[in-house]
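This one's a predicted model, so the numbers in the text were calculated from it and none came from an experiment.
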Amino acid sequence: MKQVSNLRLLFTSTRNPFYLSFSSSASSASHLLFRPKTLLKPRPLFIAAASSSSGRRVPPQKGNVRKFGDFRGKDRVLGMEDVLVPRADGNVGFNKRRAEGRDKGKPKALQLKTRKLNPVNTICYVQILGTGMDTQDTSPSVFLFFDKQRFIFNAGEIDHMFLTRVCSETAGGLPGLLLTLAAMGEEGMTVNIWGPSDLKYLVDAMRSFIPNAAMVHSHSFGGSPNADGDASPNKSSDTIVLIDDEVVKISAFLLRPSYSVSDSSSVRLDGNMNPLSENIESAGQKLKPGDISVVYICELPEIKGKFDPGKAVALGLRPGPKYRDLQLGKSVLSDHYDITVHPGDVLGPSSPGPIVLLVDCPTQFHLKELLSIQALDNYYTDPSDHPREGLKLVNCVIHLGPASVTKNADYVKWMKKFGSAQHIMAGHEMKNTTVPILKSSARIAARLNYLCPQLFPSSGFPSIPAINRCSLSSIASSEEPSNIYSESVGAENLLKFHLRPYAQLGLDRSGIPGLKTPKDIINELLAEIPEIPDASKHVSQFWQTEQATPQMDENAILIEEPWMHENSCTPNAMDASKDCFVPDCLKNISREDLEIVLLGTGSSQPSKYRNVSSIYVNLFAKGSILLDCGEGTLAQLKRRFGIEGADEAVKSLKCIWISHIHADHHAGLVRILALRCKLLKGIPHDPLLVVGPRQLKRFLDAYSRLEDLDMQFLDCRHTVADSNNGDGNFFVRDERMQSIWKRPGSPVDMTLLTTLKDVLKEAGLEALAFGVVIQASERINKLGETVPGWKLVYSGDTRPCQALIDASHGATVLIHEATFEDGMGDEALARNHSTTKEAIGVGESAGVYRIILTHFSQRYPKIPVFEEDHMHDTCIAFDMMSVNAADLPVLPEVLPYLTLLFRNEMLVDEPDDAAVAAGYS
């Protein structure tokens with residue numbers, strides 16, 4: 001539910017607005033690596049998203065640079081109660097209290113977000129917030145706005161959140177949202193969460209890593225499957241009133257799939273047709289958690305007639321508060337006569353209040369139930385000359401189901417029952433894949449691709465012409481559905497339907513952001529940095545056989561970095577230079593051996609430019625491994641490989657390693673597991689092996705009651721060298737940080753250890769350990785020689801420690817977190833993270849060939865701050881960066897060109913992610 005990730009960038013409390021936006025401005029290229037002292041005033045998300053990325057140049061500030069702790073206010077850098085454990089050499093240490101989870105303090109008493117209601121709303125509309133994303137991995141979201149109250153369907157923010165289904169597709173971003181709200185302000189916040197009774201399964205699962213106070217206002221309704229799989233008492237025809245106040249009435253109808261008919265054209269829950277493997281084999285299939293869907297009806301109060309001041313004066317009323325009371329429907333006493341004045345005496349005829357329906361019919365099996373809901377009869381139009389009493393006029397129907405359902409002839413016939421209502425089709429459509437919802441991120445990706453397509457491949461999404469060639473005959477086979485579609489519109493991001501004022505009733509496209517093609521983005525880049533074409537040519541020469549390292553002439557505009565020509569070693573130059581060191585494991589290595597795809601390179605929570613931690617290790621024909629899986633990981637896979645390519649990537653997974661329990665490292669896991677289970681349904685396969693901390697198992701076990709995850713779990717403590725002896729620890733003996741792991745772990749499961757060894761062998765690997773070290777087996781190169789396998793090390797979140805240095809000894813690649821810049825060592829120490837220099841120091845101490853820095857604080861929206869003197873063998877990671885093992889020699893050579901790309905981007909101090917204190921990072 002990536003919409004939630006985006007919405008979390010903008011929150012408004014009842015007292016103080018809180019905006020998290022990443023504005024940018026130009027600064028001098030010579031001061032690219034310095035952060036200015038002056039802070040830019042943050043702007044609202046949607047304004048910032050539409051603004052230009054470049055602005056006026058701001059001169060660099062001299063003197064002391066403002067530190068993070070200087071403006072956080074309530075956040076401290078270090079306190080007396082923190083226990084700082086130094087290393088033997090006195091150089092680095094760690095915050096023991098935080099590492100052991102004892103720095104949380106007194107739990108917050110989260111405040112329920114409430115507002116004073118305003119029954120006379122002057123503005124009301126519904127708005128589309130994402131059309132299931134360009135990646136189609138989440139359900140569409142709908143925003144219902146009033147002057148003093150806000151409602152969200154299938155996303156989260158403001159006052160109330162409603163789920164049309166409870167599954168990873170609709171609620172995947174909910175944990176991150178709750179953590180963010182819990183950390184806002186002094187006491188934190190929470191919201192009302194509504195959903196069918198399956199919601200309790202999700203809430204129970206989230207308790208393993210989310211404060212209970214964040215979920216006390218969750219409300220489930222309707223029946224759920226009992227132990228025998230039968231539906232509980234509530235029928236779909238029952239109207240369940242959830243909210244009924246002077247602002248709005250929100251009711252719900254439950255939709256349960258009807259498995260009484262085996263249909264050869266059955267549809268998966270993700271909306272895709274699969275006639276071979278998705279048939280319901282028995283009419284008696286039992287209802288499962290997650291099967292229930294909801295239809296929501298939002299009814300506004302009737303629109304009072306126009307107030308007539310003349311009639312009020314004639315009845316003896318003086319202008320004043322009594323006028324408002326009458327408009328609110330209250331009777332008052334006349335000021336001059338002994339009479340009571342009623343609203344009907346001074347108001348014109350009332351009009352029915354607008355009505356909006358939100359319909360989520362995910363499969364053909366839910367359609368039968370939808371067509372039979374008798375309680376909806378009052379909302380259908382009556383074409384007869386004498387319509388029956390009690391009919392209600394529906395103004396807008398928003399359809400959240402997939403096209404494979406909404407284009408069904410029976411569904412279209414049902415839509416026509418609403419007469420002239422405006423239909424908005426918000427289900428997954430192929431055309432949406434060409435419209436990136438994360439426009440700022442897409443803009444950065446396009447610019448990086450222009451500069452270095454070898455490391456930043458183009459998006460895997462098809463072009464519009466390719467989509468137009470795609471046949472839709474399998475979805476809509478009759479001509480009748482096309483008639484209704486001429487009367488409806490497809491959903492677009494930020495499309496509005498005004499409900500009040502009544503004069504504006506109808507669609508409003510003014511807020512829909514303009515679409516910039518990659519060509520438009522590149523034209524802007526060329527105008528902004530005219531020397532970029534030459535830089536792109538220089539970068540491309542690293543991969544050309546005719547020429548080795550590009551020669552810089554005297555007129556070159558590129559900033560000469562001190563390491564640019566030092567130990568130059570490109571894929572095509574390494575054989576020509578005797579001084580160029582290349583490890584044996586990379587000599588003549590195939591491009592089908594290893595590729596590292598950085599899916600998320602930010603910390604704490606998603607931002608406009610960086611998603612949270614996730615690394616896809618592509619072993620090609622031998623499968624793949626996922627290292628951490630923050631929320632939005634599936635969406636990033638689809639942006640990198642395309643819709644079908646991402647499905648193949650998920651199916652090829654051999655193992656998922658979760659480094660620790662923070663939500664920015666695992667909140668996207670269940671979405672991946674649930675999708676893999678569906679993709680492999682009916683195909684012989686083994687459950688996916690998930691390796692991680694034992695707290696994660698509690699979450700996965702609880703969540704598996706809601707969706708089938710088809711996985712087996714191995715406690716990561718058992719993957720260390722001495723785990724077979726039952727005395728395994730994450731850190732080596734005598735390490736100061738060992739106390740973190742003194743608590744007892746789960747018993748060693750030798751069967752799972754054997755499974756892990758089998759998985760590694762199948763993937764051509766020798767070891768997977770330490771959090772995490774991946775050692776490839778020996779291989780035969782192109783010349784028929786036996787060469788050692790490469791070694792990849794991923795640090796997870798950590799302070800520098802000797803154990804990691806030992807584990808990284810001789811590694812080919814070290815992917816190390818670098819959350820903070822070098823000037824923020826105290827903050828890094830307090831939060832048990834690393835600075836850029838510390839991360840590089842680990843790699844240099846271990847003799848690592850190449851270092852890739854990642855997990856940057858979101859205060860560095862586009863490129864982090866780093867010291868050029870330390871970057872000899874190092875590169876900065878960006879989202880969607882794909883590093884092939886064959887390209888590792890050239891990796892540091894590209895960095896100067898990347899800094900050129902961002903030379904006009906002002907590095908803005910941003911408030912750190914509030915979710916840090918709530919356990920996000």
Side-chain angles (χ1 to χ4, degrees), residues 12-15 17 112-127 142-152 158-160 192 239 241-251 296-358 378-379 387 389-396 420-422 496-508 510-511:
T12 305
S13 68
T14 55
R15 292 172 294 179
L112 178 64
K113 208 168 188 180
T114 59
R115 303 170 192 263
K116 183 179 179 180
L117 300 183
N118 177 17
V120 183
N121 285 281
T122 57
I123 299 176
C124 177
Y125 58 81
V126 289
Q127 187 173 34
V142 179
F143 180 42
L144 176 59
F145 174 92
F146 292 91
D147 291 354
K148 295 292 183 179
Q149 208 165 8
R150 316 286 192 268
F151 302 87
I152 284 284
I158 318 300
D159 304 294
H160 295 268
N192 287 289
T239 303
V241 179
L242 307 177
I243 295 176
D244 191 1
D245 55 33
E246 59 266 44
V247 173
V248 66
K249 176 182 178 181
I250 298 181
S251 307
Y296 289 104
I297 300 180
C298 306
E299 302 178 67
L300 276 62
E302 66 177 5
I303 303 173
K304 302 294 183 181
K306 186 176 181 180
F307 180 79
D308 190 336
K311 290 183 178 180
V313 172
L315 294 172
L317 290 175
R318 291 192 296 266
K322 292 183 179 181
Y323 278 21
R324 176 173 175 80
D325 290 340
L326 287 167
Q327 294 179 62
L328 293 176
K330 302 177 182 179
S331 298
V332 298
L333 294 177
S334 172
D335 295 319
H336 297 294
Y337 307 114
D338 188 19
I339 60 174
T340 299
V341 181
H342 301 285
D345 299 331
V346 294
L347 298 177
S350 298
S351 302
I355 298 176
V356 177
L357 265 67
L358 289 94
N378 290 335
Y379 298 91
E389 295 183 359
L391 291 182
K392 301 179 180 180
L393 177 64
V394 175
N395 301 90
C396 181
S420 60
Q422 177 67 65
K496 288 182 182 179
F497 186 90
H498 284 284
L499 303 173
R500 287 182 180 167
Y502 191 78
Q504 298 181 12
L505 186 70
L507 291 173
D508 178 4
S510 61

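We find the CG-CG distance between Asp345 and Asp308 to be 11.5 Å, quoted to the nearest 0.5 Å. Rounding to the nearest 0.5 Å gives a distance of 14.5 Å between OG of Ser350 and NZ of Lys306. Here the OH atom belonging to Tyr379 is positioned 4.0 Å from the CD1 atom belonging to Ile297, to the nearest 0.5 angstrom. Taken to the nearest 0.5 Å, the CZ atom of Arg500 stands 10.5 Å off from the CG atom of Leu505. For the atom pair CD1 of Ile152 and CD of Gln127, the computed distance is 9.0 Å after rounding to the nearest 0.5 Å. In this structure, Leu315 CG and Tyr337 OH are separated by 8.5 Å, a value rounded to the nearest 0.5 Å.
In this structure, the side chains of Lys330 and Arg324 stay at 4.5 Å or more apart for every pair of heavy atoms. Using a 4.5 Å heavy-atom cutoff, the side chains of Ile243 and Phe151 are in contact. In this structure the side chain of Leu499 reaches within 4.5 angstrom of the side chain of Leu144, judged on heavy atoms. Looking at heavy atoms from C-beta onward, Lys322 lies in side-chain contact with Asp335 at the 4.5 angstrom threshold. Side chains of Val341 and Val346 form a contact here, defined as non-hydrogen atoms less than 4.5 Å apart. With a 4.5 Å cut-off on side-chain heavy atoms, Ile123 and Phe145 count as touching. At least one side-chain heavy atom of Phe497 sits less than 4.5 Å from a side-chain heavy atom of Asn395. Proximity of Tyr125 to Asp508: side-chain heavy atoms (C-beta onward) are nowhere separated by under 4.5 Å.
Across all their heavy atoms, Glu246 and Pro301 have their closest contact at O-CG, 3.2 Å. The heavy-atom pair separating Cys396 from Ala421 by the smallest distance is N-CB, 4.4 Å. Summarising the geometry of Ala312 relative to Phe307, their closest heavy-atom pair is CB-CZ, 3.8 Å, with the distance given to 0.1 Å. Shown here for Leu326 and Ser331, the closest heavy-atom pair between the two residues is CD2-CA, 4.5 Å. Closest non-hydrogen pair, Gln504 versus His498, comes out as O-CB, 3.1 Å.
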